[in-house]
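FYI, side chains are in, hydrogens and waters are out, and symmetry mates aren't considered; it's all heavy atoms of this structure. Every chain is numbered from 1, with letters handed out A, B, ... down the list of sequences. This one's a predicted model, so the numbers in the text were calculated from it and none came from an experiment.
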Amino acid sequence: MAENIQENEEKKNLNFIEEIVEEDLKEGRNGGRIQTRFPPEPNGYLHIGHAKAICMDFGIAKKYNGICNLRFDDTNPVKEDVEYVDSIQEDIQWLGFQWANVYYASDYFQQLWDLAVRFIKEGKAYVDEQTAEEIAKQKGTPTTPGTESPFRNRSVEENLRLFMEMSEGKIEDGKMVLRAKIDMANPNMHFRDPIMYRIITTHPHHRTGNKWKVYPMYDFAHGQSDYFEGVTHSLCTLEFEVHRPLYDYFIDQFADSDYRPKQREFNRLNITYTVMSKRKMLQLVQDGLVRGWDDPRMPTICGLRRRGYTPSSIRNFINRIGYTKYDGVIDVSLLEATIREELNTTAMRASAVINPIKLVLTNYPEGKVEMLEAINNPEDESMGKHEVPFSRELYIESDDFMEDAPKKYFRLTPGNEVRLKNAYIVKCTGCKKDENGKVVEVYAEYDPETKSGMPGSDRKVKGTIHFVSVQHAVPAEVRLYDRLFSVENPGDEKEKDFRELLNPNSLVIANAFVEPWLKNAKTLQNFQFQRIGYFNVDPDSTPDKLVFNRTVALKDSWAKIAK
RNA sequence: UGGGGUGUAGUCAAGCGGUAAGACAUGGCACUUUGACUGCCACAUUCGGCGGUUCGAUUCCGUCCACCCCAGCCA
């Protein structure tokens, strides 16, 4: 009963795209068929904004028993490369989605070209010989109408002849374009004789090579491609809203049936403290401000993967933020909360000391080693346990000792007792300092009756700290990541270039000591370093040199109190 | 002075004429061999403003305001 109610409630909470789809289904449009497409241009790596679109495009198809195709929108050879078509496919699949078919806009170059010829023959298109500047100038402005091109009223024959010359490579790049003859005074700028075809002879296309000398523009390719494929719902982001009338116009000119793909737009993803434009990301990569597209600080799918994010955490995040038409900015803490929530239940616990200071248990026998039992995950007993070595000399976090501590400090301070995780209760007896007064060693006495699991271990102490046995410690590099930018909306900043707003501490590399068990960790495996954060094994890691990335820190309410 | 969109808490977001869900964030308490997790509590007398219709408006109408998109031979 309760389950039914919940199910009903879930059903009711549809996003507006799902509402549209259900309405279309109810009305029996397209015979109940649902088909979407994910249409990336292969000119860069996918980022988390694309993940939102992917979840939408593939999600709608799956939910309504339809199909979603992957279509590369490869109409501009100047910017595109096969390197990207491969990475895009890899990232989509990693996210957990599978397309029904892979298509390319370039599959339709012939059809599109034939269509352009038809437009010319019907008097709906003309070849313009003006320069880009002239065309831009006579386009008018949003508030003033444009003026017509002097080439607008050429004869069909002349247009045909010139378009052939363009297509045969007889015309230099930029000298001519094919324009749709629509309305230079239209309040929608996209109707002011939009360019349908431009000449590109200087860059071979990554699939068709030098076969084509003219290439269709987005507006003359996207809707048609949708139509050719049988797309029912062409979902995209808000900035294409103003293209929609043109999308419909071009299809209406040649459609030979009642079927029409419908474009619908939703808000794109913005996240605080990062940028979400390919152009800016490319600059960061090219300027060497990050280590590459897969730098763990990047919002790319490959960057998030390397950072330690899982496909399910990204999907859950997208699920939580929803789809609307409101152009907002998501607080990055929501993304962080999503990965913490997942890793809390799935990541094995381990010990690592990042800012080590030596703790000597003065009453523990020299040379003695005990193997202690550590639970891999207190949230999930089935994840088992492993052994942790314990000895007289240990590394602890230097933050875990203070000579003069405030009253709320529950860690090591002379006279105070703390528990060493999975081990004994120890009482701090003092420390040794160098000539500058810097603490170099901390001393404590352990209570042999308080080993974890023994009856004496019941005694309550306020604090528990972690450690790594000095003689067993394995050195490891840890890469501590923070927000890439130091301002919430680096893209908003008008005065400064966004690159000046980078957080200088977005990457801090530290040398840590980790417990020996971690030597067996696999690439990309996630762990929780207890009391510190979630870390994964970087692909740079080797058996001789372990490298960990901090995915996200644990919440630290003490840090707030201490402030 | 144009056209297309959008305004509900710090950030997202439900709500579809019957008296403001949820998540994150924030603050507090409890629990804790992770100052984590978990649990509990607090957090919009009001939905951009002002009018109108109605017994009743966040929902309908009008008007004003704010913000976003459009003047690439990019997608």
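- No N or O donor and acceptor, one from the side chain of A:H466 and one from the base of B:A36, sit under 3.5 Å apart.
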query = Using Watson-Crick and G-U wobble pairs with both distances under 3.5 Å, what is the 5'-to-3' dot-bracket string of RNA chain B, with [ ] for crossing pairs and | for pairs outside the strand?
reply = .(((((((.[[[..)..(...]]].(((((.......))))).....[[[[[..)....]]]]])))))).....

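- Taking atom CZ of residue A:R264 and atom P of nucleotide B:G4, one finds them 16 Å apart after rounding to whole Å.
- The CD1 atom of A:I135 sits 13 Å away from the C1' atom of B:A71 (whole-angstrom rounding).
- A donor N or O paired with an acceptor N or O is found under 3.5 Å between the base of B:U33 and the side-chain atoms of A:R419.
- Every residue two or more places apart in sequence or in another chain that forms a ring pair (Phe, Tyr, Trp, His ring centres under 6.0 Å) with A:Y218 is listed here: A:H222, A:F240, A:H243.
- Among residues two or more places apart in sequence or in another chain, the salt bridge (charged side-chain N to carboxylate O under 4.0 Å, His left out) test is passed with A:E18 by A:K63.
- Residue A:K325 has its side chain nearest to B:U6 when only B:U6, B:A23, B:A13 are considered.
- For A:T141, the side-chain atoms get nearest to B:A71 when compared with the rest of B:G3, B:A71, B:C74.
- A:E19 contributes a side-chain N or O that forms a donor-acceptor pair with the base of B:C16 under 3.5 Å.
- The A:E241 side chain lies nearest to B:G4 when the options are B:C73, B:G4, B:G2.
- Donor-acceptor pairing under 3.5 Å, judged by distance alone, is absent between the side chain of A:R244 and the base of B:G4.
- One atom, CD of A:E397, and another, P of B:U34, lie 16 Å apart when rounded to the nearest Å.
- In this structure, A:H243 atom NE2 and B:C74 atom P are separated by 13 Å, rounded to whole Å.
- Side chain of A:R349, nearest nucleotide from B:C12, B:U34, B:A75: B:U34.
- Note: OH (A:Y197) to P (B:G72) measures 22 Å, nearest angstrom.
- In this structure, A:F527 has its ring center at least 6.0 angstrom away from the ring center of A:F535.
- Relative to the side chain of A:K139, the nucleotides B:A25, B:C24, B:C73 differ in distance, and B:C73 lies closest.
- Not a single donor-acceptor contact under 3.5 angstrom links the side-chain atoms of A:E379 to the base of B:U38.
- For A:V177, whose side chain is taken as the heavy atoms from C-beta onward, the closest listed nucleotide among B:C12, B:G2, B:C73 is B:C73.
- Contact of A:T464 with B:U34 (side chain to base): no donor-acceptor pair of N or O atoms is detected under 3.5 Å.
- Comparing atom distances between the A:R340 side chain and each of B:A25, B:C70, B:G35 picks out B:A25 as nearest.
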Full working for salt bridge (charged side-chain N to carboxylate O under 4.0 Å, His left out) between A:R152 and A:D128 = CA-CA 7 Å; A:R152 197 173 199 259; A:D128 196 336; over 6 Å; no

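- Base engagement by A:G174 is indicated by at least one non-hydrogen atom pair under 4.0 Å involving a base atom.
- The CG atom of A:D492 sits 9 Å away from the P atom of B:C69 (whole-angstrom rounding).
- Nucleotides B:G48 and B:U58 place their P atoms 10 Å apart, quoted to the nearest Å.
- At whole-Å resolution of the value, CG in A:L238 and P in B:U6 are 8 Å apart.
- If you check B:C74, B:G27, B:C70 against the side chain of A:N76, the one that comes closest is B:C74.
- Comparing B:C50 with B:G15, their C1' atoms are spaced 24 Å from each other, to the whole Å.
- Ranking B:C74, B:G2, B:U34 by closeness to the A:M217 side chain, first place goes to B:C74.
- The aromatic rings of A:Y395 and A:F513 sit parallel to each other, their planes meeting at less than 30°, with 60° as the upper class boundary.
- Using modelled atom types and a 3.5 Å distance limit, the side chains of A:Q138 and A:Q130 yield a donor-acceptor pair.
- Rounding to the nearest 0.5 Å gives a distance of 11.5 Å between SG of A:C428 and CG of A:D400.
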